[in-house]
Amino acid sequence: MYKQLQQRLSEHVRAFLRRQYALDLPNIVIEQPPRVELGEYALPLTFELAKKLRKAPRKIAEEIVAGLGPIDGFDKLEVAGAGYINARVDRAALARALAEGQGMAPESQPGKILVEHTSINPNKAAHIGHLRNAILGDTFVRLLRAAGNNVDIQNYIDNTGVQVADVVVGFTELEKKSKADVAALIAAPKPRFDYYCWDLYAQVSHWYEQDKKNLEARGRALHAIEQGGNELAEMAELISTSIIKLHLETMERLEIEYDFLPRESEILRLHFWEAAFQKLKDHGVLYYETQGKNAGCWVMRRAKAAAAGAEEVSEEDQKVIVRSNGTVGYVGKDIAYHLWKFGLLGRDFGYRRFHRYPNGHQCWVSSDYEHGEADHPHFGDVSAIYNVIDARQAEAQNTVVEALRGMGYNQQAGHYTHFSYEMVALTPRCAQELGYTLSEDEWGKSYIEVSGRRGFGVKADDLMDALIASVRKEVDSRHSELNGEERQAVARQIAMGALRYFMLKFTKNSVIAFDFKDALSFEGDTGPYAQYAVVRASNIFRKAGVEPEQVKAGDFGKFLEGEAGNEIWELWLTAAQTSQVIEQCIATTEPAYAAKHAFQLAQLFNNFYHRHRIIGEPDQDRQAFLFATAAVVRRELTRVLALMGISVPPVM
RNA sequence: GCGCCCUUAGCUCAGUUGGAUAGAGCGUCUGGCUACGAACCAGAAGGUCGGGAGUUCGAAUCUCUCAGGGCGCGCCA
């Protein structure tokens, strides 16, 4: 309703400007005054109008305020400063609406949105960079759903690429293992298979560096895997499938789930590329190069040359899509895959059940038609897509969009969003703690990039275990009344909340320089701080024997007036803005705003909690008001945290 | 060489379409537990928003330029 009030205000002002000055402003800027006692909304438009109307801003503001008349939901408008128009809402009415929970259910949006995230190569354990991807993606899904959207979650699996091939080479060439040996390793309880492959992958990379000839083994493995129907391909399948399962388990610890896992093997075997290739040729997006270094390749014009409309496309402006040996590169497969996403390919995957979550949710995997199950849901064919992929792949993403445009799919290209984010790196100190020897050069840097190839990084599960252990100590010292299992459950919730919050508090395009000290901090701007605020609110209701959901709205107007009222009103006002924040997060693809909002709300509540005793409050009306305040904040803060995938433990 | 991103307090970061006195957290110093448990609160110190120029009534935000840092630019994925 906070937003409805803003819209109403904006419409009244626009109508007045048309009436009075014959001006039609497309959008009226509305912001929040620096302090709540100045009002809820501020309009700086008179500064802009001063020139057009040849009047002083303050004069214009006075005319607008005088001429506007009463607006439903507002108490009054005031002129402030050099010419701001500040609007004061009817606090009692807004508080009542909020306490009654009006306008909580979102309008259902048409169409379907596809969010792709995680997409870890299935050849090693997940690391902290993958966690950032999955947490950003999962949070964005929750935000979209909260805004009434129908969302499919996909996790793309590159099970036929070099990374899997490298681990196959590690097993066959370095460890001389057979498929049966690998199967035994997977079945063994002791070394986690994804951890084992993490080390093996690093060893293989090192082995390639020792002698370039060793790379021939990779070529052979890659070829065998793409062909299929041989021991190497079966070993690759075994490796990737077991590692995908471990990745799903890792993400399940954070309550991150998927609907569908499209695999590259099916994109190859179901001939997605052939269908896309034909379309690309038909639309003239690809052409066959006969000269120069790209002779014999099918190439695409790159952005600059295409935009300039140059007749002669120089070699530098070409992007090779099909190599001279006839094989298709990564971008080609990606174009085919995205045609499928938008329902433009004319082909579909086969589908098999892959994993069933404890809550009954089913995750599907792509399959050939022969092994597909008939009763699968309809995937793909969506109206908008968001690909959560790190910033380094921006160029490849742009190429896919260009290809769509080139084929005339402008609408789809416009609904293709590269949800780009920066990497998680390690501080030099953290790298040293992990036993990595740093060069002098590296000590001078503010962060050091992780590298799966070198086996250098913090594994996702190791971090989660460290967080849980650290939280557990604290829970043990505070809650002797709980048994071990209960304490562990509380520790898990707090630890996962801390982790998710940590990954969300930074804006997407800032590089996170990871350090255990920061990540293991539970005070201040952290997940546990926000969780704790909710627990405190819950404690009040538990002690008082009152159900927070049963708290009734009353006439709170008199408690929201004056200086004392302003303080608490700021809390109500912030709580009222949750829906607005959700929209803002979606419009800017920036979940960090949700984290900021949660922190602000928690901070204001903690302050309120400290200043006002509720249970001992003698005035019945005032106590009802304080209960209502706590109930609304508790509800809204819980809701924002849920959007971030953070649940609140019963005690802290 | 071309393209994208970054530079704000000692450290880590916010600052949405240009708006009122540039904000948090951590760290430092000071103070506050009688259970609505302090994973908290209050207060203090700390800023030429990388440098310079421009546009504007108004610039951390837009433009140009310089400096510093990062990431991409393959018949890899």
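In the text below, chain A, chain B and the rest are named by the order of the sequence lines, each starting its count at 1.
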Original post:
Among B/rU17, B/rG37, B/rG19, which is the nearest nucleotide to the side chain of A/Tyr532?
Top reply: B/rG37
**OP:** For A/Ile615 and B/rU34, give me the distance from atom CD1 to atom C1', rounded to whole Å.
**Re:** 14 Å
Original post:
Starting at CG of A/Asp525 and ending at P of B/rG23, how long is that distance when rounded to a whole Å?
Top reply: 17 Å
**OP:** Name the nucleic acid region contacted by A/Lys517, choosing base, sugar-phosphate or nothing; use a 4.0 angstrom heavy-atom cut-off, strictly under.
**Re:** nothing
Original post:
Whom does B/rU63 pair with, Watson-Crick or G-U wobble, provided both distances fall under 3.5 Å?
Top reply: B/rA53
Original post:
If the P atom of B/rG1 is compared with that of B/rC57, how far apart are they to the nearest Å?
Top reply: 39 Å
Original post:
Partner of B/rA35 by Watson-Crick or G-U wobble geometry, both contacts under 3.5 Å, or none?
Top reply: none
Subject >> Any residue meeting ring-ring contact (aromatic ring centres under 6.0 Å, His included) with A/Trp298, in chain and number order, not counting sequence neighbours >> reply: A/Phe277, A/Tyr288
**OP:** Can you sort out the partners of A/Gln397 under side-chain contact (heavy atoms from CB on, under 4.5 Å), two or more places apart, ordered by chain and number?
**Re:** A/Asp334, A/Asn387, A/Ile389, A/Tyr416, A/His418
**OP:** Could you check which of B/rA20, B/rC40, B/rA39 has an atom nearest any side-chain atom of A/Asn86?
**Re:** B/rA20
Solution key, residues 590-603 of chain A side-chain donor-acceptor pairs under 3.5 Å, sequence neighbours excluded:
residue	atom	partner	partner atom	Å
A/Glu590	OE1	A/Ala592	N	3.1
A/Glu590	OE2	A/Lys508	N	3.0
A/His597	NE2	A/Thr574	O	3.0

Original post:
If the C1' atom of B/rU12 is compared with that of B/rG74, how far apart are they to the nearest Å?
Top reply: 37 Å
Subject >> Nearest-nucleotide pick for A/Gln603, side chain only, options being B/rA20, B/rG25, B/rU56 >> reply: B/rG25
Subject >> Atom C1', compared across B/rG50 and B/rG70: separation rounded to whole Å >> reply: 15 Å
**OP:** Pick the P atom in B/rC2 and in B/rC66, then give their distance to the nearest Å.
**Re:** 11 Å
**OP:** For A/Val79, enumerate each residue passing the side-chain contact (heavy atoms from CB on, under 4.5 Å) test, keeping only those at least two apart in sequence or located in another chain.
**Re:** A/Arg58, A/Ala61, A/Glu62, A/Val65
Original post:
side-chain contact (heavy atoms from CB on, under 4.5 Å) with A/Asn606: which residues, sequence neighbours excluded?
Top reply: A/Tyr529, A/Ala533, A/Arg536
**OP:** Answer with base, sugar-phosphate or nothing: what part of the nucleic acid does A/Phe47 contact at a heavy-atom distance below 4.0 Å?
**Re:** base
Original post:
For A/Ala82, which contact category applies under a 4.0 Å heavy-atom criterion: base, sugar-phosphate, or nothing?
Top reply: nothing
Subject >> Donor-acceptor side-chain pairing of A/Tyr447 and A/Glu442 below 3.5 angstrom >> reply: no
Subject >> Centroid under 5.5 Å and tilt under 30°, A/Tyr84 to B/rA20 >> reply: yes
**OP:** Ignoring hydrogens and angles, answer whether the base of B/rA39 and the side-chain atoms of A/Arg478 contain a donor-acceptor pair closer than 3.5 Å.
**Re:** yes
Original post:
Once you round it to whole Å, what is the distance between P of B/rC40 and CD of A/Gln531?
Top reply: 12 Å
Subject >> P spacing across the pair B/rC62 / B/rU16, given as an integer number of angstrom >> reply: 9 Å
Original post:
Contact class for A/Glu523 (heavy atom, under 4.0 Å): base, sugar-phosphate, or nothing?
Top reply: sugar-phosphate
**OP:** Scan A/Ile494 against the nucleic acid and name what it touches under 4.0 Å (heavy atoms): base, sugar-phosphate only, or nothing.
**Re:** base
Original post:
Looking only at side-chain N and O atoms, does A/Asn607 come under 4.0 Å of OP1 or OP2 in B/rC40?
Top reply: no
Original post:
Using purine N1 to pyrimidine N3 plus N6-O4 or O6-N4 for Watson-Crick, or N1-O2 and O6-N3 for G-U wobble, each under 3.5 Å, what pairs with B/rA24?
Top reply: B/rU12
Original post:
So does A/Glu422 pair up with A/Arg392, basic N to acidic O under 4.0 Å?
Top reply: no
**OP:** Nearest 0.5 Å please: distance from the CG atom of A/Asp158 over to the CD atom of A/Glu264.
**Re:** 4.0 Å
**OP:** State, without any angle test, whether A/Arg500 and A/Thr139 hold a side-chain donor-acceptor pair at a distance under 3.5 Å.
**Re:** yes
**OP:** Grab the CZ-P distance between A/Phe605 and B/rA39 for me, whole Å please.
**Re:** 15 Å
**OP:** Would you mind reading off the distance between A/Leu45 atom CG and B/rU56 atom P, rounded to a whole angstrom?
**Re:** 21 Å
Original post:
Which is true for A/Arg35 with a 4.0 Å heavy-atom rule: it touches a base, it touches only sugar-phosphate, or it touches nothing?
Top reply: base
Original post:
In whole Å, what separates the P atom of B/rU21 from that of B/rG58?
Top reply: 14 Å
Original post:
A/Ile28 near the nucleic acid: base, sugar-phosphate alone, or nothing, with a heavy-atom cut-off under 4.0 Å?
Top reply: nothing
**OP:** Could you check whether A/Pro33 gets within reach of a base, just the sugar-phosphate, or nothing at all, counting any heavy atom under 4.0 Å?
**Re:** base
**OP:** For the pair A/Glu567 and A/Arg611, find out whether any cationic side-chain nitrogen is under 4.0 Å from an anionic carboxylate oxygen.
**Re:** yes
Subject >> Complementary nucleotide of B/rA42, counting Watson-Crick and G-U pairs under 3.5 Å >> reply: B/rU30
Got a list of protein N/O to nucleotides 7-14 of chain B N/O distances below 3.5 Å?
residue	atom	partner	partner atom	Å
B/rC13	OP1	A/Val511	O	3.3
B/rA14	OP1	A/Thr507	N	3.0
B/rA14	OP1	A/Thr507	OG1	2.1

Subject >> Donor-acceptor pair (no angle test) under 3.5 Å: A/Asn606 side chain, B/rA42 base >> reply: no
**OP:** Let me know the distance between CD of A/Gln493 and C1' of B/rA39, rounded to the nearest Å.
**Re:** 15 Å
**OP:** Please state how far atom NZ in A/Lys52 lies from atom C1' in B/rC57, giving the value in whole angstrom units.
**Re:** 14 Å
**OP:** For A/Pro528 and for A/Arg611, locate the closest nucleotide of RNA chain B by heavy-atom distance; then report the residue assigned to the nucleotide nearer the 5' terminus.
**Re:** A/Pro528
Subject >> Exceeds 12 heavy-atom contacts within 6.0 angstrom, atom CD of A/Glu563 >> reply: no
Original post:
Between B/rG37 atom P and A/Leu482 atom CG, what is the distance in whole Å?
Top reply: 14 Å
Original post:
In terms of the nearest nucleotide of RNA chain B, which residue is placed more toward the 5' end: A/Ala602 or A/Asn27?
Top reply: A/Asn27
**OP:** Using the P atom on both, measure B/rU17 against B/rG10 and round to a whole Å.
**Re:** 26 Å
Original post:
With both distances under 3.5 Å as the test, what is the Watson-Crick or G-U wobble partner of B/rG18?
Top reply: none
**OP:** In whole angstrom, give me the gap between the C1' atoms of B/rG18 and B/rU63.
**Re:** 13 Å
Subject >> Pairing partner of B/rC73 (Watson-Crick or G-U wobble, both distances under 3.5 Å) >> reply: B/rG1
Original post:
What one-letter contact string describes nucleotides 71-77 of chain B from 5' to 3', where B marks a base within less than 4.0 Å of any protein heavy atom, S marks contact via sugar-phosphate atoms alone, and - marks no contact?
Top reply: SSS-BSB
Original post:
For A/Ala87, which residues count as a side-chain contact (heavy atoms from CB on, under 4.5 Å) partner, sequence neighbours excluded?
Top reply: A/Leu9, A/Tyr41, A/Phe74, A/Leu77
**OP:** Could you list the residues that satisfy ring-ring contact (aromatic ring centres under 6.0 Å, His included) with A/Phe608, not counting sequence neighbours?
**Re:** A/Phe605, A/His612
Subject >> Pairing partner of B/rG58 (Watson-Crick or G-U wobble, both distances under 3.5 Å) >> reply: none
